[in-house]
Amino acid sequence: MKQFKTESKKLLDLMINSIYTNKEIFLRELISNASDALDKLSFLAVKNPDMKVDQDSLAIRLSFDKDARTITVSDNGIGMTQEELDKNLGTIAHSGSEQFKEENAEHQGDQMDIIGQFGVGFYSAFMVASKVRVVSRAYGADQAYAWESDGEKGYTIEPAGPGERDGADDHGTDITLYLRPSTEQDNTDQYLSEWELKELVKKYSNYVRHPIRMMVTKSRQKPAPDPKPDDYKPEYEDYQELETINSMTPIWKKRSSDVDQKDYNEFYKATFHDYADPARTISFHAEGALSYDALLFIPSVQPFDLYSKDYQKGLALYCDNVLIQEKCEDLVPDYYNFVRGIVDSPDVKLNISRETLQQNAQLRAIARRVEKKITSELQDMRDNDRENYQKFFENFGRGLKFGIYTTYGGKADELADLLLFWSAKQGKQITFKEYVDAMADGQDKIYYVAGESRERLEVMPQVRSAVEHGYDVLVCTQDVDEFMFQVMRSYHVDAVAGDSEHKGTDAKDYELTNVTNADLDFATEDEKKQAEEASEKNKDLFDGLKEALDGKVDDVKVAPGLGDAPAAVSSEGPVSLQMERVIAQGPEGDKAPKAHRVLQLNAAHPVFGKLVAAQESGDKDRLKLYGHILYDQALLVAGMPIDDPVKFAEDVTKLM
């Protein structure tokens with residue numbers, strides 16, 4: 001028995017128990033090795049026509065024996081000599097494929113797509129096998145040889161036995177795994193299943209360029225007897241048939257002009273388990289210093305778990321048609337976590353297990369291009385397919401807003417123009433740019449209001465006042481909205497040159513302003529004058545109401561332009577009423593910062609006269625009753641909870 005070379009026993013033990021985290025990838029590694037063997041033979045045959053290799057016959061064969069507990073991966077590729085078996089399998093981390101690739105580097109991708117890199121993939125077999133036997137016959141050799149090892153003591157190499165690749169044209173390699181006994185912790189029985197092996201091939205090796213064939217069980221109806229009895233019932237029988245179980249040709253490597261959209265749709269639904277066609281399909285290819293193929297899909301419906309903690313973003317990463325990661329998180333930013341798809345590149349640097357990636361400039365470059373492509377596609381959808389874009393935004397817009405918030409506004413330039421908001425004035429969804437294009441001359445702010453219900457927000461006194469005075473208000477109903485506005489601070493518009501149809505504009509920043517800000521009003525000069533006069537005359541009233549409300553408000557003042565509303569609640573400072581409400585719903589709700597509340601009174605409303613009368617008569621109880629009712633009803637109009645609904649009902653009853 002030969003020993004593994006140079007501390008190889010320790011290295012082999014390390015690889016079997018530490019390098020690979022997912023045992024099922026052993027089949028991926030063995031199939032990849034078989035594919036390399038076929039590619040090598042194919043390449044040499046192209047260079048040397050005298051070899052007379054039937055390219056169409058090159059294939060990988062997969063089989064299993066449940067009774068003997070074996071799995072066999074076979075190929076009719078280049079095969080190995082006795083010396084190559086010793087060198088390639090006896091020296092761990094020596095890659096014959098990598099050496100072959102280096103010697104023929106200029107032809108990589110041309111009749112050759114060598115996958116192997118590190119020379120360790122073969123040893124992943126020992127994660128599930130107690131013994132591995134490799135029988136190989138090199139192309140043109142007279143003798144096949146068998147390499148055998150338990151992965152611990154060493155290995156033997158001897159001439160193959162009778163019937164083991166002893167035909168003149170029987171070149172190639174058989175790798176037979178003798179599976180370990182199953183335990184509660186390690187279920188190896190699962191691999192002795194036709195369905196499981198097919199699933200592993202589909203998952204990891206579906207797009208290996210050579211056919212992978214396996215005998216599969218099928219069912220067919222037995223011939224009916226003649227004559228057929230009156231009570232005849234059809235009978236069925238199982239039979240075995242050799243079937244190609246991989247797709248071979250990846251759809252993402254085809255030019256989009258050569259693929260029908262229905263084929264993309266079918267691939268998307270089958271691969272990503274969605275019942276609906278994608279909203280958009282993005283296919284692109286890059287060649288040169290960094291080569292890759294990408295196929296991306298924007299879903300038309302929201303995954304049920306999109307906003308759950310268990311949802312995992314990422315694109316499937318392939319290297320030379322072999323799956324490396326089902327979800328590579330580094331390929332898409334969080335705000336595009338809904339995008340599904342595939343990136344296939346021979347240039348990304350993998351770690352030794354090929355299960356994970358080394359952080360590298362190539363991966364970051366691909367991610368940047370992917371992000372730009374997604375952004376461009378969404379912009380096109382926004383401008384040319386608004387109806388479907390609105391459906392998309394309803395499903396995924398919240399994530400775009402979080403993208404601005406979580407980057408502290410750093411991604412606002414890229415994402416702000418993808419956002420949609422309901423316009424209180426126009427009665428439809430609009431973008432920031434559309435808001436700016438429609439604003440009044442001299443307006444330098446973008447106004448918004450935030451809360452739970454669009455219908456309720458639109459009837460708030462501050463919103464109605466803004467619209468009645470000619471200003472639009474963006475109505476926002478998602479919890480992230482106002483937090484996003486806080487980090488954005490403003491919306492930037494680049495300079496636009498004038499032409500015959502459009503006036504030119506200078507670059508400008510429009511401040512994002514909440515209409516419930518106590519310092520904001522849209523009143524005319526006459527309304528402001530009336531409010532100032534009322535404020536001067538009734539300072540004692542405001543002090544009395546503030547005292548009656550007992551710390552619930554920080555100030556009481558007259559607000560011009562409230563229309564037919566008797567009062568409104570607004571806020572001062574960085575925390576609005578809506579922000580207070582959202583933060584209070586979190587785990588630290590009892591410690592949430594409070595908004596500085598201001599009770600705004602409408603001096604033009606008849607109720608104001610009642611307040612003045614109560615103050616002048618010295619009826620503090622009446623003034624307190626009026627103050628609490630006005631404050632609570634203003635909160636209800638604003639969509640805010642009131643402290644004591646029972647007390648509010650009692651106050652209304654008392655007033656009646």
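Side chains included, hydrogens not; waters and symmetry mates left out as well; all remaining heavy atoms used. Residue numbers start at 1 and run along the sequence shown.
- Listed by chain and number, the residues in a side chain to side chain contact (heavy atoms under 4.5 Å, CB included) with Asn187 are Ser182, Asp189, Gln190 (sequence neighbours excluded).
- Counting heavy atoms from C-beta on, the side chains of Ile71 and Tyr178 never come closer than 4.5 Å.
- Between Phe126 and Tyr123, the angle of the ring planes stays under 30°, which puts this pair in the parallel group of the 30/60° scheme.
- Under the 4.5 Å side-chain criterion, counting only non-hydrogen atoms from C-beta, Phe396 is in contact with Leu306.
- By the 4.0 Å N-to-carboxylate-O rule, Arg220 lies too far from Glu241 to be salt-bridged with it.
- Between Ser345 atom OG and Leu363 atom CG the span is 9.0 Å, to the nearest 0.5 Å.
- With a 4.5 Å cut-off on side-chain heavy atoms, Leu27 and Ser205 do not count as touching.
- By the 4.0 Å N-to-carboxylate-O rule, Arg133 lies close enough to Glu148 to be salt-bridged with it.
- Taken from CG in Asp75 to CG in Leu41, the straight-line distance is 9.5 Å, to the nearest 0.5 Å.
- For Arg340, the salt bridge (Lys or Arg N to Asp or Glu O under 4.0 Å) criterion is met by Asp274, not counting sequence neighbours.
- Contacts classified as ring-ring contact (aromatic ring centres under 6.0 Å, His included) and involving residues 244-263 (residues at least two apart or in different chains) are given here: Tyr207-Trp252, Trp252-Tyr318.
- Contacts of Glu83 classified as side chain to side chain contact (heavy atoms under 4.5 Å, CB included), with partners at least two apart in sequence or in another chain: Thr81.
- For the pair Arg61 and Asp174, the minimum side-chain heavy-atom distance is 4.5 Å or more.
- No side-chain heavy atom of Arg180 sits less than 4.5 Å from a side-chain heavy atom of Val128.
- Between Leu323 and Arg28, the closest side-chain pair of non-hydrogen atoms is not below 4.5 Å.
- The cationic group of Lys373 lies under 6.0 Å from the six-membered ring centre of Phe284 and within 45° of the ring axis, placing it in a cation-pi geometry.
- Using modelled atom types, one finds no donor on one side chain facing an acceptor on the other under 3.5 Å when comparing His210 with Asn246.
- Looking at residues two or more places apart in sequence or on another chain, you find a ring pair (Phe, Tyr, Trp, His ring centres under 6.0 Å) between Phe297 and Tyr268.
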Yes or no on side-chain hydrogen bond (donor to acceptor under 3.5 Å, both in side chains) for Gln240 and Thr217, after CA distance, side-chain angles and deciding distance? CA-CA 5 Å; Gln240 295 279 307; Thr217 302; 2.6 Å; yes
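- Using a 4.5 Å heavy-atom cutoff, the side chains of Val332 and Asn337 are not in contact.
- A 4.5 Å side-chain heavy-atom check between Glu194 and Phe64 finds at least one atom pair inside the cut-off.
- Enclosure of atom CZ in Phe304 is not indicated, since only 12 or fewer non-hydrogen atoms of other residues, nucleotides or ligands lie within 6.0 angstrom.
- A search for side chain to side chain contact (heavy atoms under 4.5 Å, CB included) contacts involving Ser256 returns Tyr264, Ser283, not counting sequence neighbours.
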